[in-house]
There are 2 protein chains.
Amino acid sequence: MVNYLAYIPPSLSPTQFNLVYNALSLCIAAMIGAALFFFNAKSLVGDKYKPAILISGVVVSIAAYHYFRIFNSWDAAYTLKEGVYLTTGEVFNDAYRYADWILTVPLLLTEAVAVLALSKELAKPLLIKLVLASVLMIATGYPGEISDNVITRIVWGTISTIPFAYILYLLWIQLGKSLENQPEQVKTLITQMRLLLLLSWGVYPIAYLLPELGIFGSPAATVGIQIGYTIADILAKPIFGLLVYSIAKVKTQVDATEAGVGLPISSEN
Amino acid sequence: MVNYLAYIPPSLSPTQFNLVYNALSLCIAAMIGAALFFFNAKSLVGDKYKPAILISGVVVSIAAYHYFRIFNSWDAAYTLKEGVYLTTGEVFNDAYRYADWILTVPLLLTEAVAVLALSKELAKPLLIKLVLASVLMIATGYPGEISDNVITRIVWGTISTIPFAYILYLLWIQLGKSLENQPEQVKTLITQMRLLLLLSWGVYPIAYLLPELGIFGSPAATVGIQIGYTIADILAKPIFGLLVYSIAKVKTQVDATEAGVGLPISSEN
């Protein structure tokens with residue numbers, strides 16, 4: 001029986017092994033760098049937007065921890081023998097990604113809503129719906145992910161897609177609505193935020209579907225899944241956080257101009 | 001087949017091994033020290049310049065992480081036997097440097113532009129060009145770097161040189177232009193920043209060319225490459241960051257004098 005979250009991966013060529021090894025390490029560095037940036041950049045935005053930047057910092061810190069674990073698990077699963085990376089018999093644990101999502105996905109949704117600085121009447125019910133749907137999405141995806149029975153995978157995968165679609169719908173509608181009242185520069189940034197959400201989140205259902213398509217377990221699929229997840233996580237966390245930071249910066253300046261008090265924070269970045 | 005980014009290095013004398021070992025450790029200490037300085041010195045410059053100092057801190061933090069990895073990889077690749085440092089069979093992974101560049105080079109360029117505090121209309125297109133060119137430069141250098149085919153190396157190396165030259169041209173022109181409107185003290189510092197960029201960045205193409213010159217793999221070349229990269233990184237990151245900090249300090253004072261209000265240093269960190 002194959003558990004798609006904790007498995008003995010296939011033997012790899014040095015190029016294949018190193019591509020994943022170096023991408024995982026690069027991702028750790030990106031998450032640490034982003035965490036230091038967000039925690040220190042919090043003071044450069046208006047008070048209303050500080051929680052969004054703080055949450056960005058927490059998200060990438062949690063991801064840094066999980067990528068350390070994934071990196072070590074990958075390293076322990078392989079040993080170089082006569083020019084080939086053979087498996088050591090140690091299981092590669094990809095379930096760290098699940099643990100990461102269950103914490104970071106609700107936080108990312110909170111971050112996106114927080115930077116919009118909606119009124120409390122609008123923000124609270126939206127946030128409750130989003131967080132509940134995201135927990136439901138990840139929790140129902142898990143039983144499918146750890147099963148090698150095609151029917152089980154399809155059933156749970158389909159159930160999990162319902163809250164997933166609901167989240168994208170909520171965000172699409174709500175971010176779309178909030179666009180109407182935003183200044184021109186902010187509109188462009190929020191449009192980019194919507195696209196980035198679609199682009200990065202779209203990777204996860206694709207990776208879930210790979211075993212169904214019969215392309216799980218090959219060297220190419222193993223490398224592809226790890227590189228795909230890593231790129232998706234860099235887009236969904238540090239890059240998404242930088243977009244949120246840019247929105248917060250622009251809105252801070254707009255708020256200051258509207259209040260007629262000059263720019264308290266006037267840096268160019 | 002030799003992979004120039006992950007290879008079994010040659011046996012070394014204790015002097016040779018220790019020279020690299022100690023240089024790598026010194027570099028870790030320099031990066032950590034610089035990170036602590038920049039994160040705390042951010043509050044000592046005007047608001048406009050805080051992002052530049054913050055980015056300096058992020059750059060040296062990312063470098064500290066990578067030098068920890070390089071140091072450990074170097075240490076694991078060797079064992080002392082009868083007065084000689086023999087290889088253990090563990091691969092020395094120099095690809096950490098690549099992962100480092102792909103993150104820190106765009107950040108260093110952002111840092112250089114941020115401290116100039118150009119108008120948004122000038123800064124944004126310049127920054128987009130610089131960041132895209134730097135990613136292109138590193139991405140096209142990589143396939144050449146991991147190949148032992150001379151033609152492949154020369155082709156990708158040449159392609160990679162185009163964005164490299166474009167970046168230096170943009171910075172030279174733009175930093176030159178910005179000199180005209182800067183106070184006298186700042187002019188000297190920006191001139192030094194230009195020279196430091198040329199000097200430190202010039203090391204990387206030289207290291208790339210070494211295998212073509214047939215001097216890769218010897219003890220002297222191995223030690224030379226590691227010491228060369230380490231010195232270049234100390235110049236390009238902490239020393240460059242200190243120059244950026246000096247520019248920010250002088251400009252903060254000039255801004256205050258012009259506004260006639262003393263130093264507008266925020267108490268926030």
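Note on naming: letters A, B, ... go to the chains in the order of the sequence lines (proteins, then strands), and numbering restarts at 1 for each one.
Applying the salt bridge (Lys or Arg N to Asp or Glu O under 4.0 Å) test to pairs two or more places apart or on separate chains, none has a residue in residues 66-90 of chain A. Residue pairs meeting the side chain to side chain donor-acceptor pair (under 3.5 Å) criterion with at least one partner in residues 132-144 of chain B, sequence neighbours excluded, are absent.
Here the shortest heavy-atom pairing between Tyr245(A) and Ile53(A) reads CA-CD1, 3.6 Å.
Most heavy-atom pairs under 4.5 Å with chain A: of the set Ile102(B), Asn93(B), Val113(B), this distinction falls to Asn93(B).
The parts of Leu36(A) that come within reach of chain B are both its backbone and its side chain, each placing non-hydrogen atoms under 4.5 angstrom from that chain. Neither the backbone nor the side chain of Phe38(A) comes within less than 4.5 Å of any heavy atom in chain B.
Proximity of the aromatic rings of Tyr21(A) and Trp74(A) is defined here by a centroid distance below 6.0 angstrom, and this criterion is not met.
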